[in-house]
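Note: hydrogens, waters and symmetry copies are ignored here, and every other heavy atom, side chains too, is used.
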Amino acid sequence: MDTQRNYENLEYAIGFGNHVETEALKGAVPKGQNSPQKCAYNLIAEQFSGTAFTLPRASNQKTWLYKIRPSAAHSPFVDAPEFGKYVKNDFMNDHGLTITPNQLRWKRLPLPEKPTTFAEGLVTVCGAGDPSIKQGIAIYLYAANKSMTNSSMFNSDGDFLIVPWEGEMLITTEMGKLTVKPREICVIPRGIKFSVEMTKPIRGYICEVFKGHFKIPDLGPIGANGLANPRDFLVPVAFYENTEEEFQIINKYLGKFYKCTKKGSPYDVVGWHGNYYPYKYNLDLFNAMGTVTYDHPDPSIFTVITCQTDEPGVAVCDFAIFPPRWMVAEHTFRPPYYHRNVMSEYMGNISGAYDAKEEGFQPGYGSLHSILQGHGPDHESFTKWSNIDLQPIRYPYENLAFMFESTYMFKTCSFVMDDQVNLDHDYYHCWDKLANNKLGDKP
């Protein structure tokens, strides 16, 4: 597969939530003010607001872009029915949705049979709320085998948290370029234009939040260090294209897709400064915390980033991982415990095996355990870990699963409830033998 741009030896700015200033041409970013009467290189100053003007300074996000052409210069948007065939964001209306409390599991989303770009390869699995009121969440799978050439996408509905499990994503954004491979994640905030290229097919998962932005969680009594450290987040640096070619701009707006044309590349930002930008993170750098005495900790201890609701501690989405780590708990059932949760849990597997379902949850699989529905290890894992000699164990490097946990009650899209996306109709059988568990003698 051909790529339109060079992605070798990329440089990044470092840190989470920092105010970044970066220039592809020296002097492109004005000093001492944001919008001078005349910008260097005949550039145009454009503010990109990621939050309301009047949000408190600690939460306010915006970036000043210094561009060759303003974003307003494009043809009118028109419907784009070729995109979004399997995308749904209006979860307030039950049309096209399936409501079920059952535990659900899906096998891998198949690779497309015909050339398909990232923008064309999105499939909504489930969600809640409605982007029109900026409340809710949507979870997607993606599968693509064609680079986006002379086309760009932006999402008016929310922030995308992208979790690849197959193939490296080569992403160009208005702020610069990123490469994102399995065991890495990236966040592309609401409204930022981006294109996805590839050298081989890609597949993965996406969580979209309709309100707020992701942040790293507070550490409380853990202290000043640990989990996802701010210094390990990487931010693209300024990159620009100066071309007269026509580009297609694709916009996801209220769950529907629209397109327009624009003279010149949307990636014409010669310099920028601000704190609203895409970023990436290598999950191998996560500093996992766990018990050194007994009992499995609550999975919130593995939270990488979180998007909070208006109620502190209650998340639109907590993104947690189950990484390679030492397990040393004494006289303890070491896999995640059996559970009924007031939060919805969507799980995916990036690589290797998952200790609660070692054979039944392969890379690319997904599961949904809805609010207050029982779930936990299958019979084989229960039997193994109930009887194993409890020596210190290092989980293999290749084992890496994750969870999107949300306070919202999810509805599933009807088109993922049939066999075309490999719904596992036998998932519930993994607990059948546990139904025959008998009361034993006193130990």
Side-chain angles (χ1 to χ4, degrees), residues 80-91 93-100 104-131 136-148 153 155 157-167 169 171 180 182 185-186 188 194 196 198 201-210 250-257 317 344 346-350 361-368 370 402-404 406 408 410-425 427:
E82 65 270 34
F83 301 100
K85 183 178 179 182
Y86 296 109
V87 170
K88 184 171 178 62
N89 284 170
D90 178 9
F91 296 99
N93 180 345
D94 290 343
H95 178 72
L97 296 171
T98 298
I99 299 174
T100 176
L104 299 171
R105 182 167 68 189
W106 292 269
K107 299 178 182 178
R108 298 182 183 100
L109 181 67
L111 285 169
E113 296 179 358
K114 62 181 182 179
T116 301
T117 66
F118 175 86
E120 296 167 322
L122 298 172
V123 177
T124 313
V125 177
C126 57
D130 186 345
I137 183 174
I139 293 171
Y140 304 81
L141 303 175
Y142 68 85
N145 57 11
K146 179 185 176 183
S147 294
M148 296 172 65
M153 174 181 176
N155 179 14
D157 298 332
D159 289 12
F160 270 170
L161 163 57
I162 302 175
V163 185
W165 74 266
E166 181 179 39
M169 305 178 76
I171 304 176
V180 186
I185 61 169
C186 78
I188 300 181
F194 68 99
V196 177
M198 64 204 75
I202 58 172
R203 285 186 283 187
Y205 311 85
I206 299 174
C207 177
E208 178 185 23
V209 293
F210 297 154
I250 304 158
N251 180 205
K252 186 171 85 68
Y253 185 87
L254 296 183
K256 296 183 178 180
F257 283 75
C317 178
S344 296
Y346 178 90
M347 284 199 62
N349 192 9
I350 297 168
F361 200 60
Q362 301 299 310
Y365 282 34
S367 67
L368 174 62
S370 295
F402 74 88
M403 178 169 65
F404 299 140
S406 176
Y408 292 112
F410 288 167
K411 301 175 184 179
T412 54
C413 294
S414 297
F415 45 71
V416 301
M417 295 299 286
D418 60 35
D419 287 332
Q420 71 168 324
V421 288
N422 291 347
L423 178 66
D424 185 351
H425 296 280
Y427 178 38

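Counting heavy atoms from C-beta on, the side chains of E166 and L111 come closer than 4.5 Å. Inter-residue side-chain proximity for P363 and R108 is flagged as met; some heavy-atom pair is nearer than 4.5 Å. Residues L97 and C413 form a side-chain contact, since some pair of their non-hydrogen atoms from C-beta on lies under 4.5 Å apart. Using a 4.5 Å cut-off on side-chain heavy atoms (C-beta onward), L368 and C126 make contact. Annotation: side chain of P164 is in contact with side chain of Y142 (closest heavy-atom distance under 4.5 Å). Residues W165 and N349 are not in side-chain contact: their nearest non-hydrogen atoms beyond the backbone lie 4.5 Å or more apart. Using a 4.5 Å cut-off on side-chain heavy atoms (C-beta onward), L104 and Y346 make no contact. For the pair F160 and M153, the minimum side-chain heavy-atom distance is below 4.5 Å.
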Kindly determine whether F410 and I137 satisfy side chain to side chain contact (heavy atoms under 4.5 Å, CB included), including the steps that lead there. CA-CA 9 Å; F410 288 167; I137 183 174; 3.4 Å; yes
Apply side chain to side chain contact (heavy atoms under 4.5 Å, CB included) to the pair F118 and K146, showing each step before the final yes or no. CA-CA 8 Å; F118 175 86; K146 179 185 176 183; over 6 Å; no
Would you please test M417 and T100 for side chain to side chain contact (heavy atoms under 4.5 Å, CB included) and show each step? CA-CA 10 Å; M417 295 299 286; T100 176; 4.2 Å; yes
L161 vs I188, test: side chain to side chain contact (heavy atoms under 4.5 Å, CB included). Steps then yes/no. CA-CA 7 Å; L161 163 57; I188 300 181; over 6 Å; no
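Across all non-hydrogen atoms, the minimal contact from N89 to P131 is O-CD, 3.4 Å. Nearest heavy-atom pair across Y427 and S367 is OH-CB, 4.3 Å. Minimum heavy-atom separation, M198 to I202: CE-CD1, 3.7 Å. In terms of heavy-atom proximity, Y140 sits nearest to T124 at CE2-OG1, 3.2 Å. Between V416 and W106, the shortest heavy-atom contact is O-NE1, 2.7 Å. Shortest non-hydrogen contact noted between G167 and P182 is O-CD, 3.4 Å.
Remark: the backbone N or O of H95 is paired with a side-chain donor or acceptor of K88 at under 3.5 angstrom. Side-chain N or O atoms of K411 include none that pairs as donor or acceptor with a backbone N or O of T98 at under 3.5 Å.
Between atom CG of residue D159 and atom CD1 of residue I206 there is a gap of 12.5 Å, rounded to the nearest 0.5 Å. Distance CE/M148 to CD1/I171: 10.5 Å, rounded to 0.5 Å. Going from atom CG of L254 over to atom CG of D130 covers 7.0 Å, rounded to the nearest 0.5 Å. In this structure, SG in C317 is found 11.5 Å from CD in E208, a value given to the nearest 0.5 Å. Atom CZ of residue F83 and atom CG of residue L122 lie 10.0 Å apart, to the nearest 0.5 angstrom. The line from CG of L109 to CZ of R203 is 7.0 Å long, rounded to the nearest 0.5 Å.
The side chain to side chain donor-acceptor pair (under 3.5 Å) search around K256 returns none, not counting sequence neighbours. Legend: residues meeting ring pair (Phe, Tyr, Trp, His ring centres under 6.0 Å) with F402, ordered by chain and number and at least two apart, are Y205, F319, F404. Considering only residues two or more places apart in sequence or on other chains, S370 meets the side chain to side chain donor-acceptor pair (under 3.5 Å) condition with none of them.
Here K252 pairs with D157 in a salt bridge; the nearest charged N to carboxylate O distance falls below 4.0 Å.
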